[in-house]
Amino acid sequence: MFASRNETKRHAIECLGLTKTYDLGNEKVPALRGVSFSVQQGEFVAIMGASGSGKSTLANLIGALDTPTSGELRIDGRAISSMSNDELAHLRNQSIGFVFQQFNLMARMTALENVMLPLVYSSNSGVDAAALARTRLQQVGLGERLTHRPNQLSGGQQQRVAIARALVNDPKIVIADEPTGALDTHNSHEIMTLLSELNEKGLTLVVITHEPDIAAYADRLLRFRDGQIVEDTRQRHDGARVKEATA
Amino acid sequence: MTLQALFREAITALRLNLLRSALTAIGVIIGVGSLVVMSAAGSGANKMIERQIADQGTDVLIIRAVKVENALRRGAAIVLTDQDMRAVKELVPNVQFISREVYSNVTLVSGNASWITEYWGVDASYADVFNVKLSQGRFFDEGEVRSGAKVIVLSATVSKKLFGNQSPLDQTLRMAGVPVRVIGVRAKRGSVGGRDEDNFIILPITTARAHLPNAEMSNPRQLSLFELKVASGADRKEVKRDVLALLRERKHLRGDQEDKLDIFDMTQFIQMLNTTQSALTWLLSVTAAISLLVGGIGIMNIMLVSVTERTQEIGLRIAIDARKRDILHQFLAEAVTLCVLAGLVGVGLGVAGGAIFARASDWPLIIPPLSIVAAFVVSVGVGVLFGYLPARRAAAMNPIEALKRE
């Protein structure tokens, strides 16, 4: 524990020979076939690939929503495979934030209540949930929209609420699955700018996308095909790629 | 998640589908309402029995000849007379008080008011046999019975019908044309099973025989019945057996002949009430059980619909850190909240329904506080029982699949 803390660059995510096979009755569908990579703390990784390439499966695994069929997966230094459901929930609560394509806000709740929702399930009762949620909404530029419901907000604003919600428990990693998929170009870039700013403050960020100009915001690009990584590239923020390794 | 937050969420979710929630709750409302009415009716019946026991005691035996309904056997009917009563009084041990009685109907007139009621011509000892309580005046004494005094004791209903709210004491009224003086009013007894127990007059048996001819009485010494009180500490059944043996002998009934006598015992009356009560209880229990079952299934059904509708919400909640337990608790809390709210409405309707029933039937209804607690417990039980399956289904959802659902 102390040894790993003393490492200057600790791994936020470590995958080793990760496989995931879906059992559809008489047919077994391999979604991931041996994926190994690691993401350092504070890194901004984009994962690209066509539908069915395995990128969403990977997102679910590193989001601790699912467990791998085989292989080793460590989130924030902790092995996932041996965890119980409650331990996974605890890990999600403490270390991971999610941002979804369809925002997934509760329609009946205000922006503030939506952001407070994860705190309802977390055990640290000393926290002033409303105050914390308000701070997070201010961080994403929605300090004036606390009592609005999702249907009173634009798509971009809704996604900001979702980002505030993902941040409310102060996670180490945020996983965004097609965060701009339901947004127009203008709003897409605003959201990506916001996420980049958060990354600059030290947040580890994994963005799943199929849009190259969204992936261009990342430090590093992982490209998936048929359940395997086919490209792992470091890139500068102007979008020019620095080819480092190709699988 | 705190319990308070859990129930706040549950109420929010239920309010979103207010009409649906209300319709779903009807079964439970009826079930709980029936439970409350049932226990209220049960306590009412017990109260009535207690009142009867306090009023008359359980040691009274009423002896009457069995009416022979079959015309061909009319000749075989026996007739009870003064001599039979005297024989019982003298020969049967452990008879503390005994009184003769003749009864029939009579028209009373006072001023412009008239009223047809039942008269009971009895001995002075009647007051001791039945422990008669008076609200005004006094009962007649043995001297008045011997002399055939024209005095009567009214009941509450008769007093009200003839004299309104004025005191009838020392007033004279005409009983089948004969002027009689009111010397007392019997305390109100209430009603039993919807029958007014305060609609009669009591007068000396001699006065009744002299002035109120009774077509049914072939013999001037004939009695409608006689009643006795068993001495305290004596065995009621033994006295009953002795009375029966004596009367069989006096009426020359052979061993194989039927009794032709009915010896009514207060415990029979109590048994009758108990039978009525248990029939009512049974009926309401079945109603309550069926309503709760149907209501519970309705709640299970609507919760399953709700779980399906909110698949995405459940997926999201799991993704943002809810444990399976939290989801289970959330849906369970919703079912329980719905049932408890239904239970509260049910208790309200039960109390109201009970009050209406009590008013209409004169059957006293008492809502025992315990029945409210029981109704609450039953509501929570139905909620947990029928909410568990949908809640478990919600908790077992795969968050990835759930989130994909639109």
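Note on naming: letters A, B, ... go to the chains in the order of the sequence lines (proteins, then strands), and numbering restarts at 1 for each one. Just the heavy atoms: all of them, side chains too, but no hydrogens, waters or symmetry mates, feed the values below.
A/N85 touches chain B through its side chain: at least one heavy atom from C-beta onward sits under 4.5 Å away, while N, CA, C and O do not.
The contact list for residues 10-24 of chain B toward chain A, using heavy atoms and a distance under 4.5 Å, reads B/T12, B/L16 by residue number. Of all residues spanning residues 49-71 of chain A, those with a heavy atom less than 4.5 Å away from chain B's heavy atoms are A/N60, A/L65, A/D66, arranged by number.
In this structure, CE in A/M106 is found 5.0 Å from CG in B/L316, a value given to the nearest 0.5 Å. Between A/L117 atom CG and B/E9 atom CD the span is 6.5 Å, to the nearest 0.5 Å.
Not a single ring pair (Phe, Tyr, Trp, His ring centres under 6.0 Å) links A/F37 to another residue, sequence neighbours left out. With sequence neighbours left out, A/F224 forms a ring pair (Phe, Tyr, Trp, His ring centres under 6.0 Å) with no residue at all.
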| request: Show your reasoning for whether side-chain contact (heavy atoms from CB on, under 4.5 Å) applies to A/N104 and B/R317. | output: CA-CA 10 Å; A/N104 280 323; B/R317 282 178 185 272; over 6 Å; no
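Between the side chain of A/R92 and the main chain of B/I318, a donor-acceptor pair closer than 3.5 Å is present.
Heavy atoms of other residues, nucleotides or ligands lying less than 6.0 angstrom from CD of B/E309 number more than 12.
In plain terms, the two heavy atoms of A/A89 and B/R323 that are nearest each other are CB-CG, 3.4 Å.
Ranking A/G97, A/P118, A/A166 against chain B, the residue ahead of the rest is A/P118, based on heavy-atom pairs under 4.5 Å.
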